[in-house]
Amino acid sequence: MKYSTSELSAYLDEALPVDAMAAIEMALRGDAGLIEQLAELSARRDAGVHSLGEIWRRHRLSCPSREQLGSHLLGVLSDEESDYITFHLVEIGCRYCTANVEDLKRQQAEVAERAAIRRHRYFQSSAGHLRAVKA
C-alpha cells in the first residue's frame with residue numbers, strides 16, 4: 001500500500017490511530033522502498049525542512065488543552081466545543097488527547113474515592129457526639 005507524506009509524518013509523530021500505526025509498521029517490515037521513504041522524511045525533518053502541516057501536527061494545534069478536556073468531562077462546555085472535542089477524540093482518534101482524557105478520568109475517580117473515605121471518617125468520628133433531635 002502507498003502511504004502519503006502526511007501519513008508517514010503522522011506516523012513519525014505517533015499521531016495516528018493505533019490501527020493505522022500498526023498497518024504502517026507491518027508495511028515497513030516488508031517494503032524497503034517505504035523504509036527509504038520514511039528515512040528521507042526523517043532526514044528532512046532533522047535538517048529543519050518543515051511544511052505547514054508538519055508544524056501543525058507537531059505542535060498539536062488542533063488539540064484541545066487539558067483544561068478544555070477536563071471541562072468536557074465535567075459537561076460545562078458549549079455544545080459546539082463539546083462536539084468538536086468528541087469529534088477530535090472519536091473520529092480523528094487523537095492518541096495524545098485520548099491519553100489525557102483517560103488520565104483525567106482516573107484523577108476524577110481518585111478524588112471521588114478520597115472524598116467518600118473522608119466523609120465516612122467524619123461521620124465515624126462524630127457519630128458518638130451527635131445528640132438526638134426530638135420532634
Side-chain angles (χ1 to χ4, degrees):
M1 179 175 187
K2 178 83 170 140
Y3 291 100
S4 69
T5 302
S6 63
E7 288 172 316
L8 293 176
S9 291
Y11 172 79
L12 289 173
D13 293 335
E14 298 183 14
L16 293 173
V18 174
D19 57 339
M21 293 286 290
I24 291 176
E25 186 72 32
M26 290 300 291
L28 283 167
R29 292 180 185 177
D31 187 345
L34 185 59
I35 292 171
E36 185 177 324
Q37 184 182 0
L38 193 62
E40 287 174 11
L41 179 61
S42 183
R44 275 193 18 229
R45 294 170 114 196
D46 290 343
V49 179
H50 303 288
S51 70
L52 182 58
E54 288 172 1
I55 293 168
W56 188 276
R57 277 188 302 278
R58 187 169 289 169
H59 293 285
R60 302 188 186 286
L61 297 178
S62 62
C63 290
S65 69
R66 189 168 169 90
E67 292 78 19
Q68 289 171 315
L69 292 170
S71 295
H72 173 71
L73 288 175
L74 294 173
V76 297
L77 294 178
S78 69
D79 289 342
E80 293 82 16
E81 290 173 309
S82 186
D83 288 347
Y84 174 75
I85 292 174
T86 300
F87 171 80
H88 186 76
L89 294 170
V90 176
E91 298 300 323
I92 300 299
C94 179
R95 294 177 5 167
Y96 178 79
C97 291
T98 300
N100 266 315
V101 166
E102 292 303 316
D103 183 52
L104 288 168
K105 285 179 180 178
R106 182 187 53 76
Q107 286 180 358
Q108 283 179 338
E110 288 174 0
V111 167
E113 183 180 334
R114 284 195 306 258
I117 290 170
R118 190 171 48 248
R119 276 194 302 274
H120 178 73
R121 287 181 181 162
Y122 288 156
F123 177 75
Q124 292 297 349
S125 69
S126 61
H129 301 289
L130 298 176
R131 287 185 261 149
V133 178
K134 296 181 182 182

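Remember, it's a predicted structure, so these values are computed and weren't measured experimentally. Numbers here are sequence positions counted from 1.
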- CD1/Ile35 to CD/Glu40 distance, rounded to the nearest 0.5 angstrom? 12.5 Å

- Provide the closest heavy-atom pair for Cys97 versus His88 in the form atom of the first, atom of the second, distance. SG-NE2, 3.3 Å

- When rounded to the nearest 0.5 angstrom, what distance separates OG1 in Thr86 from CD1 in Ile92? 12.5 Å

- Item | Spatial distance of atom CZ (Phe87) from atom CG (Leu89) [nearest 0.5 Å] | 11.0 Å

- In Å and rounded to the nearest 0.5 Å, what is the CG to CZ distance from Leu104 to Arg66? 4.0 Å

- Measure the shortest side-chain to side-chain distance between Arg45 and Asp13 over non-hydrogen atoms and say whether it is less than 4.5 angstrom. yes

- So, do Pro64 and His72 sit near enough that their side-chain heavy atoms are less than 4.5 Å apart? no

- Message: For Glu110, give me all partners under side chain to side chain donor-acceptor pair (under 3.5 Å), at least two apart in sequence or on another chain.
- Response: Arg106

- Message: Under the criterion side chain to side chain donor-acceptor pair (under 3.5 Å), I'd like the reasoning laid out for Glu25 against Tyr11: C-alpha separation, chi angles, the key distance, then a yes or no.
- Response: CA-CA 9 Å; Glu25 186 72 32; Tyr11 172 79; 2.5 Å; yes

- Under 3.5 Å donor-acceptor, Ser42 side chain and Leu38 backbone: no

- Minimal non-hydrogen separation, Asp31 against Gly33, with atom names: OD1-N, 3.0 Å

- Message: Would you say that Glu80 contacts Tyr84 through its side chain, given a criterion of any heavy-atom pair below 4.5 Å between the two side chains?
- Response: no

- Cluster companions of Val76 among Ile, Leu, Val, Met, Phe, Trp, Tyr (side-chain spacing under 4.5 Å): Leu74

- Working to the nearest 0.5 Å, report the span between CG of Leu69 and CD of Glu102. 11.0 Å

- side chain to side chain donor-acceptor pair (under 3.5 Å) against Ser62, all qualifying residues, sequence neighbours excluded: none

- Message: Side chains of Glu14 and Met21, heavy atoms from C-beta outward: is any pair under 4.5 Å?
- Response: yes

- In Å, rounded to the nearest 0.5 Å, how long is the span from CG of Leu73 to CG of Asn100? 10.0 Å

